[in-house]
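Let me begin by presenting the structure, written as structure tokens, before commenting on it.
Below, read A as the first sequence line, B as the second, and so on, with proteins coming before strands; counting in each chain starts at 1. A quick note: this is a predicted structure, and the numbers were derived from the prediction, not measured.
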There are 2 protein chains.
Amino acid sequence: MTPCDTCVVRNRAICSGLDDAELVALNNIGRRRNVTAGEPLIWEDDDSLLVANVIEGVLKLTTSTEDGREQIVGVAYPSDFIGRPFGQTSSASVVALTDARVCVFSRNDFDRFAREHPELEHKLLERTLAELDRTRSWMMLLGRKNASEKIATFLLEMSDRLADSSCTGAIGPAKRFSLPFSRQQVADLLGLTIETVSRQFTKLKNDGVVELPSRREVEIVNRGALLALAG
Amino acid sequence: MTPCDTCVVRNRAICSGLDDAELVALNNIGRRRNVTAGEPLIWEDDDSLLVANVIEGVLKLTTSTEDGREQIVGVAYPSDFIGRPFGQTSSASVVALTDARVCVFSRNDFDRFAREHPELEHKLLERTLAELDRTRSWMMLLGRKNASEKIATFLLEMSDRLADSSCTGAIGPAKRFSLPFSRQQVADLLGLTIETVSRQFTKLKNDGVVELPSRREVEIVNRGALLALAG
DNA sequence: TTGCGTTTTTGATATCGGTCAAGGTCTGGG
DNA sequence: CCCAGACCTTGACCGATATCAAAAACGCAA
């Protein structure tokens, strides 16, 4: 098999519009790479390897201040693209939250390929616009929502996001799921401290809105209440 | 002259790569529109007119909660694109901050044109990626910076942004500029209240970091201090 | 199982920024 | 010029969330 064969299958969503010969060509310029949980994929201002497509797992994109405050500015799920094609360097660090498999492209190869395949660029543009919309609605959360609204919004988003990737055949948001985030990472995503996150989780549990069977497991008991809290 | 002739000239930055015939074609599908300060351009969930290119002036993109809290999620300056091509509806409202001139495209026309002109799509993709980067660094500000860091970062960003559009020939960040935002709008941009914004401005003035000749005018006296505060 | 390090929870306290209220300043129209 | 309304500033107070500290729960390896 050619390298990164799995990518090709998973990439169909992105590359629909490419014909088989083009898929093989894309196939040939990518390399599969495994990343274990907690390991970084791209360091800040490193521009040697830059574009990747997530096959399996979840990764975080973060920016930090010099004094160590961290903000998660994006989360990449399977089939998402990571990186910054076309000459710019990305301003975010990428770290795997779970063990992950990605398909990595050298930037030059990817850029050349994209320019020669407008359909791929069109797909990329649609995805980037969708990501921009998601990021903007997250700005609303960061700037204007209080702690309980943030937590409720987060749990609902997780419920939606993790529904697709489980492939259990069930349609719609997941009722029970496993968080790919530690409490600290939830805090970094929502612009809160770990203590506030913990207290809000405890409150939701005490109010009977969610069950927390273990640290990473969440079961949504009262979805309506969460929706009301999220605002 | 064909309609929207000004657009063509101003659009060169976006459309470089298009030949003259293509420029004329783009020219023919856009219409110039004036928007006075405070007037909306696209309402939330309205998808009749959707893509626009800013020729002159500054516009804000906002999202709001039902109970009236507002967050500015983006600011569009001359040559920026607004809207959401390719079938999706934008989740943000667009309101002019200053009197503005834009070139408006019906979504269908624009989509068709973009698909037939890969170079335009490529430019759009580059711009969208850059906007995503800017938005992500703003998330850091909203989630992790305190009030004085927010104000300092804001003033530096304004100084950079307004330098280009003034066309006075001076290179580099502007030392003195006119804010396109009211105090309330600065608050909506930074995730603060108007009172906190006002107090921080006063503090910077008292500390000799900036001069505030009038409500909208800012002169940066001590840029180093601002940089230190912004972190 | 035990023990140790990490993560999470819980509690006490402090503080930044929000809220409420009042007064001041700018601006445009009569 | 004067007035009215919008916008901005200032002050007093309060509360949500951060901070600091310690205990509890978990997970992994010996």
Side-chain angles (χ1 to χ4, degrees), chain A residues 36-38 65 67-71 95 97-99 141-155 178-207 210-218 229 231, chain B residues 36-39 60 65 67-71 95 97-99 141-155 178-207 210-218 229 231:
Chain A
T36 59
T65 54
D67 60 346
R69 283 173 285 176
E70 184 166 316
Q71 176 68 47
V95 174
L97 294 174
T98 65
D99 288 351
L141 176 146
L142 290 173
R144 291 301 187 200
K145 290 191 178 179
N146 64 28
S148 76
E149 291 171 321
K150 284 179 176 180
I151 295 285
T153 307
F154 165 74
L155 289 175
S178 182
L179 288 178
F181 300 101
S182 69
R183 293 288 185 271
Q184 181 61 61
Q185 286 159 353
V186 175
D188 291 340
L189 192 58
L190 300 178
L192 296 171
T193 60
I194 185 174
E195 294 94 333
T196 299
V197 171
S198 180
R199 280 186 249 268
Q200 293 291 333
F201 270 67
T202 303
K203 181 160 196 312
L204 287 179
K205 189 179 65 182
N206 292 341
D207 293 352
V210 301
E211 287 290 323
L212 304 171
S214 77
R215 287 174 167 181
R216 297 291 186 117
E217 296 294 318
V218 176
L229 282 172
Chain B
T36 57
E39 186 186 314
K60 64 171 181 175
T65 54
D67 60 345
R69 283 174 284 176
E70 183 167 317
Q71 176 68 47
V95 174
L97 293 175
T98 65
D99 289 350
L141 175 147
L142 289 173
R144 291 299 187 202
K145 290 191 176 178
N146 63 29
S148 78
E149 291 171 321
K150 284 179 176 180
I151 295 285
T153 306
F154 165 74
L155 289 175
S178 183
L179 288 177
F181 301 101
S182 69
R183 292 288 184 271
Q184 181 61 61
Q185 286 159 353
V186 176
D188 292 340
L189 192 59
L190 300 178
L192 296 171
T193 60
I194 186 174
E195 294 94 334
T196 299
V197 171
S198 180
R199 280 187 251 268
Q200 293 292 332
F201 269 67
T202 302
K203 182 161 195 312
L204 286 178
K205 189 180 66 180
N206 291 341
D207 293 352
V210 301
E211 288 291 324
L212 304 171
S214 77
R215 288 174 169 181
R216 298 291 187 117
E217 295 294 316
V218 176
L229 283 172

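For E217(B) and dT27(C), the CD to P distance is 11 Å, given to the nearest whole Å. Straight-line distance from the CD1 atom of I194(A) to the P atom of dT10(C): 13 Å, rounded to whole Å. Following rounding to the nearest Å, F201(A) (CZ) and dT10(C) (C1') show an atom-to-atom distance of 16 Å. Taking atom CD of residue Q200(B) and atom C1' of nucleotide dG18(C), one finds them 13 Å apart after rounding to whole Å. Between the CD atom of Q184(B) and the P atom of dC26(C) there is a distance of 20 Å, rounded to whole Å. The nearest whole Å value for the distance from the CZ atom in R216(A) to the P atom in dT8(C) is 7 Å. If you take NZ of K150(B) and P of dG17(C), they are 8 Å apart, rounded to a whole angstrom.
Backbone-only engagement by S182(A) is indicated by non-hydrogen atom pairs under 4.0 Å involving sugar-phosphate atoms exclusively. Across all strands, T193(A) comes closer than 4.0 Å to base atoms (heavy-atom distances).
There is no side-chain donor-acceptor pair under 3.5 Å between S148(A) and K203(A). Side-chain polar atoms of S198(B) and E195(B) form no donor-acceptor pair below 3.5 angstrom.
In summary, R69(B) and D67(B) engage in a salt bridge, as defined by a charged side-chain N under 4.0 Å from a carboxylate O.
With a 6.0 Å radius and a threshold of 12 heavy atoms from other residues, nucleotides or ligands, E211(B) has its CD atom at or below the threshold. Shown here is E39(B), whose CD atom has more than 12 heavy atoms of other residues, nucleotides or ligands within 6.0 Å.
L97(A) has its side chain within reach of Q185(A): a pair of non-hydrogen atoms, C-beta onward, lies under 4.5 Å apart.
Each end of the helix from dT1(C)-dA30(D) to dG30(C)-dC1(D) yields a helix axis from five base pairs, and these two axes differ in direction by 40° (to the nearest 10 degrees).
For F201(B), there are no ring-ring contact (aromatic ring centres under 6.0 Å, His included) partners two or more places apart in sequence or in a different chain.
If F181(A) and A147(B) are placed on DNA chain C by their nearest nucleotide, the residue sitting closer to the 5' end is F181(A). Along DNA chain D, the nucleotide nearest to T202(B) and the one nearest to L192(A) differ in position, and the one closer to the 5' end is contacted by T202(B).
On a pure distance criterion of 3.5 Å, a polar donor-acceptor pair joins the side chain of R215(B) and the base of dT25(C).
Put simply, S198(A) has a side-chain N or O that comes within less than 4.0 Å of OP1 or OP2 on dT9(C).
For E195(A), counting side-chain heavy atoms from C-beta on, the closest listed nucleotide (dG24(C), dG17(C), dG11(C)) is dG11(C). Picking from dA21(C), dG18(C), dT8(C) the nucleotide with the shortest atom distance to the side chain of R199(B) gives dG18(C).
The two residues R144(B) and G191(A) come nearest to each other via the heavy atoms NH1-C, 3.6 Å. Minimum interatomic distance between E149(B) and L229(B) (heavy atoms only, all atoms of both residues): CG-O, 3.2 Å. Shown here for L190(A) and K150(A), the closest heavy-atom pair between the two residues is O-NZ, 2.9 Å.
For DNA chain D, the outermost nucleotides in 5' to 3' order that have an atom under 4.0 Å from a heavy atom of chain A are dT17(D) to dC26(D).
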